[in-house]
Visitor: 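There's a structure below that I have some questions on.
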Amino acid sequence: MVPRNFRLFHRDWRFLFFKTIMEVGKMDFRKEIAAKISKLTELEEEKISSLIEIPPQGNMGDYAFPCFTLAKTMRKAPNMIAAELAKQFEQDAILEKAEAAGGYLNFFVNKTEFIKATIQEVLEKDTDFGSTKEGEGKKVLVEFSSPNIAKPFHIGHLVNTVTGNAIEKIFKHLGYDTVKLNHIGDYGTQFGKLIVAYKLWGNDEVIEKDPINELLKIYVKFHDEAEKNPALEDEARKYFKMLEQGDEEATALWKKFKDLSLMEFKKLYDDFNITFDSYAGESFYSDKMDEVVEILEKNNLLVESNGAKIVDLEQFNLPPCMILKSDGATIYATRDLAAAIYRKRTYDFYKCIYVVGNTQALHFKQFFNVLNLAGFGWYKDCMHIGTSLVKFADRKLASRKGDVIFAKEVVDEAVSKTLEIIESKERKLENPTEIAKKIGMGAIIYIILKNNRDRDIAFSWEDMLSFEGESGPYVQYTYVRGKSILRKAGDFNFEAADYSHLNSEDEFNMVKLLDAFKDAVKEAAERYEPFVISRNVTELAKAYNKFYNTHPILNAEENIKAARLNLTKAVCSVIKTGLGLLGIDTPENM
RNA sequence: GUUUCCGUAGCUCAGUAGGAUAGAGCGUUCGCCUCCUAAGCGAAAGGCCGUGGGUUCGAUUCCCGCCGGGAACACCA
């Protein structure tokens with residue numbers, strides 16, 4: 001078996017080698033290296049491929065194979081193995097050199113081939129660059145945003161809205177069939193309170209103008225008044241009960257509040273270009289909760305505790321999960337259970353991702369485990385992706401507003417700051433407000449998605465409104481510069497370019513980053529971390545800016561110019577795709 | 001108290017399936033617009049990777065303790 005395969009492999013290899021020259025755009029350098037090493041060792045190509053890394057310094061090589069893992073099986077020192085492999089290495093048209101450095105075997109690719117192959121692939125695939133078919137036929141639900149009706153949308157909501165939106169886009173890019181769910185908080189006793197408050201103090205004219213703030217105002221007033229007059233609480237409970245029983249007046253009011261709030265939320269979603277496939281909120285599941293209780297009872301999971309019904313989770317070292325309150329009413333865990341069961345039936349999901357604040361980690365652990373105990377094996381496909389908590393680095397500004405920063409306030413500040421900058425420039429833009437919006441939103445989204453989700457976000461107006469260095473506007477600006485050049489250049493094509501002219505370190509590094517984008521998308525999905533893409537795209541922007549400052553493009557000699565223009569086009573394309581996956585729009589001018 | 005996350009440059013953060021000289025941005029100092037958009041580029045300064053042990057040829061990375069900070073811990077969602 002071995003020799004036969006070996007011979008076949010040899011034939012394939014030559015064929016492949018020949019193909020490289022013909023179809024260099026399809027070349028996968030990592031795979032080529034893996035094939036070579038595999039030939040010399042016992043390791044499988046795939047295993048090798050996963051081990052291959054990029055050396056920390058460019059001058060060390062383009063790819064590196066660490067020999068440490070081979071040391072045990074070969075019973076040799078890693079540096080010996082590396083040296084031996086280096087000796088046996090045969091160069092070819094795409095891999096020029098292999099060099100042993102300590103325990104690493106470093107490879108040097110044929111730069112021109114690599115550059116040509118990468119640029120061609122980017123230009124061919126354009127916005128599909130980095131996409132795969134790994135998700136084909138698999139449905140992924142992403143629940144995010146989920147604000148509460150009649151409550152203001154604050155910066156914390158913005159964080160998981162933006163994060164969830166990006167995660168959905170990333171999965172979609174990898175071929176998954178995604179569904180965006182907004183689990184609106186539109187149910188619960190607070191609506192009884194709101195109805196009472198409205199009947200006492202509501203003023204339609206004022207409410208129409210600023211629905212959420214006005215509703216919040218009367219809601220707060222209710223709490224103040226209820227302290228003096230407890231009878232109001234009874235009244236509220238009465239109205240919520242009426243609502244549950246389908247009372248016409250109560251339902252009409254509830255619907256009115258909900259519609260007004262949704263209108264407000266949608267304005268914000270529009271600002272960020274976010275849409276949902278479903279707004280089925282908590283109320284949607286109100287008639288699906290009896291079944292949850294039945295299922296749990298049938299499985300003997302419900303236990304009475306202080307008058308309430310709970311599911312004991314001690315075996316998981318978790319506090320119990322409450323299902324029914326002592327007054328028999330349901331609670332959010334019940335609704336989440338109903339929603340999960342409904343979603344599994346309706347969508348038969350491959351994964352159901354809950355993008356919700358880290359503060360709710362315990363709740364999700366509990367409710368997933370209840371699903372588990374109830375015999376739903378698919379509980380393993382449900383995952384909570386916790387988003388960062390926003391804290392205040394710059395207390396002074398925050399405390400003035402009562403330690404809460406509203407999403408709208410952030411949006412307004414970002415846009416007006418952008419307009420200010422635009423106006424201060426000599427260059428006049430045709431549609432400054434539209435551009436200011438793209439840039440302002442870009443700045444906000446970037447701040448949210450630039451770091452890992454486990455870490456709290458230290459909010460400061462200074463950082464939020466800083467459009468220099470690692471920022472959304474910086475990356476957008478890079479794109480705009482590139483596009484400006486491309487517009488001025490007019491027609492040119494890929495074939496006309498001789499890539500051997502892209503021989504500077506800067507140009508090569510940029511192409512490496514283009515290539516790395518593919519891995520970045522995959523890693524971002526694996527880790528549910530959009531920031532992996534922010535990093536890649538920012539690095540790319542930095543590399544391009546450096547190149548831009550040191551190399552003429554339009555003013556370069558004709559034969560060099562075509563190559564640099566194609567490179568510029570590829571960089572713009574990847575920036576646009578990358579920012580797009582984060583939910584950031586790219587203006588053509590700024 | 002229990003559970004969990006975090007501690008890397010003045011600030012905000014990357015990096016860590018153990019491995020090559022620990023990296024950015026902001027801020028600071030100094031340079032660069034007769035040239036494709038200066039929201040840009042270059043240079044310098046700035047680090048016992050919280051701390052004490054352990055495992056290892058090798059630890060910022062893994063394990064344990066400690067210190068410091070955040071969060072959650074049933075009738076709200």
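Protein chains get the first letters and strands the later ones, always in sequence-line order, with residue 1 at the start of each. Predicted model, so just to flag it, every value in this text is computed and none were measured.
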Visitor: Quick check on RNA chain B: between A/Ala64 and A/His363, whose nearest nucleotide comes earlier from the 5' end?
Guide: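 This one resolves to A/Ala64.
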Visitor: Quick check for you: among B/C36, B/G19, B/A71, whose closest atom lies nearest to any side-chain atom of A/Ile485?
Guide: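 Among B/C36, B/G19, B/A71, the one nearest the side chain of A/Ile485 is B/C36.
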Visitor: Can A/Tyr104 be said to stack with the base of B/A20, given centres closer than 5.5 angstrom and planes under 30 degrees apart?
Guide: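 The base of B/A20 is stacked with A/Tyr104 (centres under 5.5 Å, planes under 30°).
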Visitor: For B/G19, give its Watson-Crick or G-U wobble partner with both distances under 3.5 Å, or none.
Guide: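 Per the H-bond distance test, B/C57.
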Visitor: Please determine, for the side chain of A/Leu554, which listed nucleotide (B/G25, B/U37, B/C36) has the closest atom?
Guide: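 Among the listed nucleotides, the one closest to the side chain of A/Leu554 is B/C36.
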Visitor: When the P atoms of B/A22 and B/U29 are considered, how many whole Å apart are they?
Guide: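 Going atom to atom, P in each nucleotide, I get 28 Å.
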Visitor: A/Gln360 near the nucleic acid: base, sugar-phosphate alone, or nothing, with a heavy-atom cut-off under 4.0 Å?
Guide: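 Base, at least one base heavy atom under 4.0 Å.
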Visitor: Rounding to an integer number of angstrom, what distance separates B/G18 and B/C63 when you compare their P atoms?
Guide: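 Their P atoms lie roughly 11 Å apart.
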Visitor: How far, in whole Å, is B/U60 from B/G52 if one measures between their C1' atoms?
Guide: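 Roughly 16 Å separates the two C1' atoms.
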Visitor: Salt-bridged, A/Glu235 to A/Lys238, with N to O below 4.0 Å?
Guide: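 A salt bridge is present here (some side-chain N lies under 4.0 Å from a carboxylate O).
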Visitor: If I take atom CG in residue A/Asn358 and atom C1' in nucleotide B/C73, what distance separates them, rounded to the nearest angstrom?
Guide: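 Taking CG of A/Asn358 and C1' of B/C73, I get 15 Å after rounding.
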Visitor: Please confirm whether the shortest side-chain N or O distance from A/Arg535 to OP1 or OP2 of B/G23 is below 4.0 Å.
Guide: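 It does not, given that no N or O in the side chain of A/Arg535 lies less than 4.0 Å from OP1 or OP2 of B/G23.
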Visitor: Salt bridge check: are A/Lys437 and A/Glu434 linked by an N-O gap of less than 4.0 Å?
Guide: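 The answer is no: the pair does not qualify as a salt bridge.
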Visitor: Could you tell me how far apart A/Asn555 (CG) and B/C35 (C1') are, to the nearest whole angstrom?
Guide: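 Spelled out: CG on A/Asn555 to C1' on B/C35 is 6 Å.
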Visitor: Which whole number of Å gives the distance between the P atom of B/G15 and that of B/C33?
Guide: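 Nearest-Å result for B/G15 against B/C33 at atom P: 38 Å.
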Visitor: Is it the case that B/C26 (base atoms only) and A/Ser466 (side chain only) share a donor and an acceptor within less than 3.5 Å, ignoring hydrogens and angles?
Guide: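 No.
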Visitor: Counting any heavy atom closer than 4.0 Å, what does A/His183 reach on the DNA or RNA strands: base, sugar-phosphate only, or nothing?
Guide: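 Result for A/His183 = nothing.
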Visitor: Which part of the nucleic acid, if any, lies within reach of A/Asn452 when heavy atoms closer than 4.0 Å are counted: base, sugar-phosphate only, or nothing?
Guide: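 Sugar-phosphate: the residue A/Asn452, judged by heavy atoms under 4.0 Å, touches backbone atoms but no base.
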Visitor: Less than 3.5 Å apart, any donor N or O on the side chain of A/Glu588 or A/Tyr479 sitting next to an acceptor on the other?
Guide: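 On atom types as modelled, these side chains qualify, holding a pair under 3.5 Å.
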Visitor: C1' atom, B/G47 versus B/U21: distance in rounded Å?
Guide: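 Comparing C1' positions in B/G47 and B/U21 gives a spacing of 14 Å.
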Visitor: Between P on B/A43 and CG on A/Asn549, what's the gap in Å once rounded to a whole number?
Guide: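 Rounding to the nearest Å, CG of A/Asn549 and P of B/A43 are 12 Å apart.
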Visitor: Less than 4.0 angstrom between a side-chain N/O of A/Lys488 and OP1 or OP2 of B/U37, yes or no?
Guide: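 So the side-chain polar atoms of A/Lys488 do come within 4.0 Å of the phosphate oxygens OP1 or OP2 of B/U37, strictly under.
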Visitor: Which base, if any, makes a Watson-Crick or G-U wobble pair with B/C26, both distances under 3.5 Å?
Guide: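 Across any shown strand, B/C26 pairs with B/G10.
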Visitor: What integer distance in Å separates A/Ile54:CD1 from B/G19:C1'?
Guide: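 Distance, rounded to whole Å: 17 Å.
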Visitor: Atom CZ of A/Arg453 and atom P of B/A71: how far apart are they, to the nearest Å?
Guide: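 Spelled out: CZ on A/Arg453 to P on B/A71 is 19 Å.
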Visitor: If you check the A/Lys365 side chain, which of B/A38, B/U4, B/A20 turns out closest?
Guide: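 The answer is B/U4.
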Visitor: Looking for any heavy atom pair under 4.0 Å, which part of the strands does A/Ala308 touch: base, sugar-phosphate only, or nothing?
Guide: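 Here A/Ala308 touches the bases of the nucleic acid.
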Visitor: Output yes when at least one side-chain N/O atom of A/Asn545 is less than 4.0 Å from OP1 or OP2 of B/C41, else no.
Guide: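 The answer is yes; a side-chain N or O of A/Asn545 sits under 4.0 Å from OP1 or OP2.
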Visitor: Go through the side-chain N and O atoms of A/Thr163 and A/Tyr528 and say whether any donor and acceptor fall under 3.5 Å apart.
Guide: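 Per modelled atom types, A/Thr163 and A/Tyr528 side chains form no pair under 3.5 Å.
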Visitor: If you check every side-chain atom of A/Asn306, which of B/A74, B/A71, B/U37 has the closest atom?
Guide: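 Nucleotide nearest to A/Asn306's side chain: B/A74.
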Visitor: Any base atoms under 4.0 Å from A/Lys450, or only sugar-phosphate, or nothing? Heavy atoms, all strands.
Guide: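 Touches nothing.
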Visitor: Does the distance from a Lys or Arg side-chain N to an Asp or Glu carboxylate O, for A/Arg30 and A/Asp519, drop under 4.0 Å?
Guide: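 A/Asp519 and A/Arg30: salt-bridged.
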Visitor: Contact class for A/Phe531 (heavy atom, under 4.0 Å): base, sugar-phosphate, or nothing?
Guide: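 The residue A/Phe531 makes sugar-phosphate contact but no base contact.
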Visitor: Nearest whole angstrom, please: distance from the P of B/U2 to the CG of A/Leu313.
Guide: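 It is 20 Å, rounded to the nearest whole Å.
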Visitor: So which nucleotide does B/C73 pair with, by the Watson-Crick or G-U wobble rule with both distances under 3.5 Å?
Guide: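 Partner of B/C73: B/G1.
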Visitor: Taking atom P in both B/U4 and B/G65, what distance in whole Å separates the two?
Guide: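 Each nucleotide's P atom is 11 Å from the other's.
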Visitor: At under 4.0 Å between heavy atoms, what does A/Ile422 touch on the DNA or RNA strands: base, sugar-phosphate, or nothing?
Guide: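 Base contact - A/Ile422 has a heavy atom under 4.0 Å of at least one base atom.
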Visitor: Identify whether the distance between the nearest side-chain nitrogen and carboxylate oxygen of A/Arg237 and A/Asp234 falls below 4.0 Å.
Guide: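 Judged by the 4.0 Å cut-off on N to carboxylate O distance, A/Arg237 and A/Asp234 do form a salt bridge.
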Visitor: Heavy atoms only, 4.0 Å cut-off, all strands: where does A/Arg455 land among base, sugar-phosphate and nothing?
Guide: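 Here A/Arg455 touches the bases of the nucleic acid.
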Visitor: If the cut-off is 4.0 Å, is A/Lys561 near the phosphate of B/C36, judged by side-chain N/O to OP1 or OP2?
Guide: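 A/Lys561 to B/C36 OP1/OP2: no side-chain N or O under 4.0 Å.
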Visitor: Does B/A24 have OP1 or OP2 under 4.0 Å away from a side-chain N or O of A/Tyr474?
Guide: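 For B/A24, OP1/OP2 do not have a side-chain N/O of A/Tyr474 under 4.0 Å.
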Visitor: OP1, OP2 of B/G15 versus side-chain N and O of A/Arg527: anything below 4.0 Å?
Guide: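 Result: yes.
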Visitor: I need the CD-P distance between A/Gln57 and B/A24, as an integer number of Å.
Guide: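 After rounding, the reported distance stands at 10 Å.
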Visitor: Tell me whether the guanidinium CZ or amine NZ of A/Lys97 lies under 6.0 angstrom from the six-membered ring centre of A/Phe107 and within 45° of its axis.
Guide: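 No, A/Lys97 and A/Phe107 do not form such a contact.
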Visitor: Mapping A/Tyr187 and A/Glu588 onto RNA chain B by nearest heavy atom, which one lands closer to the 5' end?
Guide: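 The residue mapped nearer the 5' terminus is A/Glu588.
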Visitor: Looking at B/A74, does its base get a donor-acceptor pair with the side chain of A/Ser305 below 3.5 Å?
Guide: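 Looking at the base of B/A74, it does pair with a donor or acceptor on the side chain of A/Ser305 (distance under 3.5 Å).
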Visitor: Does any nucleotide pair with B/C49 by Watson-Crick or G-U wobble geometry, both distances under 3.5 Å, and what is it?
Guide: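 Pair assignment: B/C49 / none.
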Visitor: Indicate, with a heavy-atom threshold strictly under 4.0 Å, whether A/Ile310 touches base, sugar-phosphate, or nothing.
Guide: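 Base contact.
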Visitor: What's the gap between B/A44 and B/C6 when it is taken at their C1' atoms, as a whole Å value?
Guide: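 The same atom, C1', in both gives a distance of 32 Å.
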Visitor: Are A/Arg481 and A/Tyr544 in a cation-pi contact, defined as NZ or CZ under 6.0 Å from the six-membered ring centre and within 45° of the axis?
Guide: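 No, A/Arg481 does not sit over the ring of A/Tyr544.
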Visitor: In plain terms, say whether A/Glu526 and A/Lys522 are close enough for a salt bridge, that is, a side-chain N and a carboxylate O under 4.0 Å apart.
Guide: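 Salt bridge between A/Glu526 and A/Lys522, a charged N being under 4.0 Å from a carboxylate O: no.
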Visitor: Just how far, in rounded Å, is C1' of B/A14 from CG of A/Asn536?
Guide: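 Rounded to whole Å, this separation is 14 Å.
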Visitor: If you take atom types as modelled and just measure distance, does the side chain of A/Asn106 reach the base of B/A20 with a donor-acceptor pair under 3.5 Å?
Guide: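 Such a pair is found, so the answer is yes.
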Visitor: Looking at A/Asn317, does any N or O in its side chain come under 4.0 Å of the phosphate oxygens OP1/OP2 on B/U2?
Guide: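 No, outside the criterion.
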Visitor: Does any nucleotide pair with B/G40 by Watson-Crick or G-U wobble geometry, both distances under 3.5 Å, and what is it?
Guide: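 Pairing partner, where one exists within any strand: B/C32.
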Visitor: Is the base of B/C33 syn or anti, if syn means a glycosidic angle within 90° of 0?
Guide: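 This nucleotide is in syn.
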Visitor: So is the aromatic ring of A/Tyr477 stacked onto the base of B/G40, judging by whether the centres are under 5.5 Å apart and the planes are under 30° apart?
Guide: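 A/Tyr477 vs B/G40: stacking no.
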Visitor: Does the side chain of A/Glu264 pick up a donor-acceptor pair with the side chain of A/Ser261 at under 3.5 Å?
Guide: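 No donor-acceptor contact under 3.5 Å links the two side chains.
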Visitor: What's the closest nucleotide to the A/Met322 side chain, out of B/C6, B/A74, B/A24?
Guide: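 Shortest atom-to-atom distance from the side chain points to B/A74.
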Visitor: Picking from B/C26, B/A20, B/C76, which would you name as closest to the side chain of A/Glu468?
Guide: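 Within the option list, the nearest is B/C26.
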Visitor: Under 4.0 Å, heavy atoms only, any strand: does A/Leu389 hit a base, just the sugar-phosphate, or nothing?
Guide: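 Counting heavy atoms under 4.0 Å across all strands, the contact made by A/Leu389 is with sugar-phosphate only.
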Visitor: If we take the C1' atom in both B/C13 and B/G7, what is their distance in whole Å?
Guide: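 Result for the C1' pair: 12 Å, nearest Å.
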Visitor: Counting any heavy atom closer than 4.0 Å, what does A/Ile439 reach on the DNA or RNA strands: base, sugar-phosphate only, or nothing?
Guide: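 A/Ile439: base contact, heavy atoms under 4.0 Å.
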Visitor: Measuring from the side chain of A/Asn451 (C-beta onward, heavy atoms only), which nucleotide among B/A14, B/U37, B/A20 has the closest atom?
Guide: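 Looking only at side-chain atoms, A/Asn451 lies closest to B/A14.
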